[in-house]
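First up is the structure itself, then whatever we jot down about it.
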Amino acid sequence: MRITRRCMFALGLCAAAAACDTGGNPAPRRAERTLTPARWNRVWTAGGTEADTTLLQPWRVAVGNGLVYVADKGGLRVAAFRVADGSLAWIRGGRGSGPGEFQLPTALAVDRRGILWVADARNSRMTLYRPDGSLHASVPLPDFPYPEAMCPLPGGGMLVATSAATEPLFRLSADGEIAGRMDLPWRDLAGAAPLSVQKLLAPTPEGCVLALALGRGFATLAERGARTFSYLEDLPLPRVEKTVDDGGTVYERVVGMRSAATSVTAEAGEIAISPGGEGALENRLVDFYRQRDGAYLRSISTPVPFQRMARAGELFFFLTHRDGYPALVAVRPEIGTEAAPPPSP
């Protein structure tokens with residue numbers, strides 16, 4: 001696994017950050033994936049039946065305040081479930097541009113105050129909720145690029161990864177004001193096609209983990225700098241082809257795409273990343289890396305295929321399907337225990 005030199009990312013500064021060099025020392029021999037036995041204990045399931053339409057097209061999941069938050073693109077709303085038992089705490093949203101309404105919720109995260117932020121790409125704003133579901137604020141962000149992921153910052157505010165071709169990382173203050181922009185911490189990716197460098201974020205005590213969804217690797221971002229690491233599987237970033245129709249409209253498509261990461265979490269000094277996987281393990285893998293140096297630790301297979309993942313302590317939360325219906329499943333793994341037959345969600 002290659003570890004590149006540290007760069008001055010300086011999340012606390014509002015100036016554009018210097019990027020990390022991806023060249024340098026040759027990469028050591030890459031580790032092989034090691035599947036660690038795990039017994040998964042299902043705690044609860046929300047949704048997953050024809051009668052339960054709470055979740056229509058769940059897209060993103062986040063945890064905070066004893067709640068699991070789900071951004072639902074199908075219902076254009078946000079649902080909050082209680083971590084303890086999966087019961088529904090509240091639902092907010094609906095189609096529109098009025099207070100608390102959504103046109104396209106694309107990312108969500110809980111800041112260090114316990115306030116839920118929801119990015120709405122089409123309404124070009126951030127909607128902020130208190131833990132009880134009451135509206136805290138609505139912050140307009142005119143001409144803001146497409147928000148892909150968010151991460152609460154230790155000093156307050158939010159880091160937002162966007163689809164901007166240059167300086168795609170935005171630092172927002174606790175009030176939602178733009179406080180700075182930064183490039184990705186890979187020097188050779190400056191100006192890369194946004195479709196090829198789709199981004200995921202997760203909070204750490206020191207800052208954030210940034211993972212590229214389609215290859216290359218991940219990075220830890222903190223006040224003292226940034227460090228970049230490669231994934232267990234060496235997946236090059238895909239190409240993006242552009243075509244122009246007779247009317248001058250430009251279309252882009254990704255060529256040779258393979259998922260390198262669908263979710264990222266950070267807990268107890270470990271970074272958990274869900275790669276796409278193949279065959280019987282497609283969408284059923286979680287790779288663990290050590291946060292301080294990016295070293296690969298182990299992998300586990302999950303009881304159900306999943307699209308998105310979140311974690312709070314020992315509990316994992318998976319957005320999945322049960323009998324074709326969207327579901328949110330809470331499970332607790334016993335790592336190192338011989339796996340039992342996968343439980344039904």
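Nothing fancy with the numbering, it's 1 onward along the sequence.
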Would Arg77 and Leu56 count as a side chain to side chain contact (heavy atoms under 4.5 Å, CB included) if you check the C-alpha gap in whole Å, the side-chain angles of each, and the deciding distance to 0.1 Å?
CA-CA 10 Å; Arg77 60 196 184 193; Leu56 299 178; 3.9 Å; yes
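- The neighbour count for Glu314 CD, taken as heavy atoms of other residues, nucleotides or ligands under 6.0 Å away, does not exceed 12.
- Here the shortest heavy-atom pairing between Met158 and Asp111 reads CE-CB, 3.9 Å.
- Under the 6.0 Å cut-off for aromatic ring centres, Phe81 and Phe317 do not qualify, their centroids lying 6.0 Å or more apart.
- The closest side-chain donor-acceptor pair between Asp52 and Thr54 falls under 3.5 angstrom.
- Counting only heavy atoms from C-beta outward, the side chains of Met150 and Leu172 never approach each other to under 4.5 Å.
- Here the rule is side-chain contact (heavy atoms from CB on, under 4.5 Å) with Phe318, and of Val61, Thr302, Thr45, Asn283 only Thr302 fits it.
- Checking side-chain atoms of Asp175 against main-chain N and O of Glu177 turns up no donor-acceptor pair under 3.5 Å.
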Report the C-alpha separation of Ile271 and Val264 in whole Å, then their side-chain angles, then the decisive distance to 0.1 Å, and conclude whether the side chain to side chain contact (heavy atoms under 4.5 Å, CB included) test is met.
CA-CA 7 Å; Ile271 296 169; Val264 58; 3.8 Å; yes
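- Comment: Asp293 engages Arg290 in a salt bridge, judged by a side-chain N to carboxylate O separation of less than 4.0 angstrom.
- For Leu214 against Ser196, the heavy-atom pair with the smallest separation is CB-O, 4.1 Å.
- Checking side-chain atoms of Asn123 against main-chain N and O of Arg125 turns up no donor-acceptor pair under 3.5 Å.
- Between the Arg39 side chain and the Pro333 main chain, no donor and acceptor come within less than 3.5 Å of each other.
- No donor-acceptor pair closer than 3.5 Å links the side chain of Ser138 to the backbone N or O of Pro99.
- Annotation: side chain of Leu159 is in contact with side chain of Leu221 (closest heavy-atom distance under 4.5 Å).
- For Arg227 (side chain) and Arg292 (main-chain N/O), a donor-acceptor pair under 3.5 Å exists by modelled atom type.
- In plain terms, the two heavy atoms of Ser230 and Phe218 that are nearest each other are O-CE2, 3.9 Å.
- Across all their heavy atoms, Trp186 and Ala219 have their closest contact at CH2-CB, 3.9 Å.
- In plain terms, the two heavy atoms of Thr36 and Ile300 that are nearest each other are O-CG2, 3.6 Å.
- We find that Glu206 and Arg224 are not joined by a salt bridge, their nearest charged nitrogen and carboxylate oxygen being 4.0 Å or further apart.
- With hydrophobic clusters built from ILVMFWY side chains whose heavy atoms lie under 4.5 angstrom apart, Leu153 does not share a cluster with Val110.
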Can Arg95 and Glu101 be said to form a side chain to side chain contact (heavy atoms under 4.5 Å, CB included), step by step?
CA-CA 6 Å; Arg95 182 183 298 275; Glu101 295 177 332; over 6 Å; no
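- Residues Tyr69 and Tyr129 keep their aromatic ring centres 6.0 Å or farther apart.
- A donor-acceptor distance shorter than 3.5 angstrom exists from the side chain of Tyr289 to the backbone of Leu232, with no hydrogens or angles considered.
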Could you check Glu278 against Leu281 for side chain to side chain contact (heavy atoms under 4.5 Å, CB included), going step by step and ending with a plain yes or no?
CA-CA 5 Å; Glu278 294 181 307; Leu281 292 177; over 6 Å; no
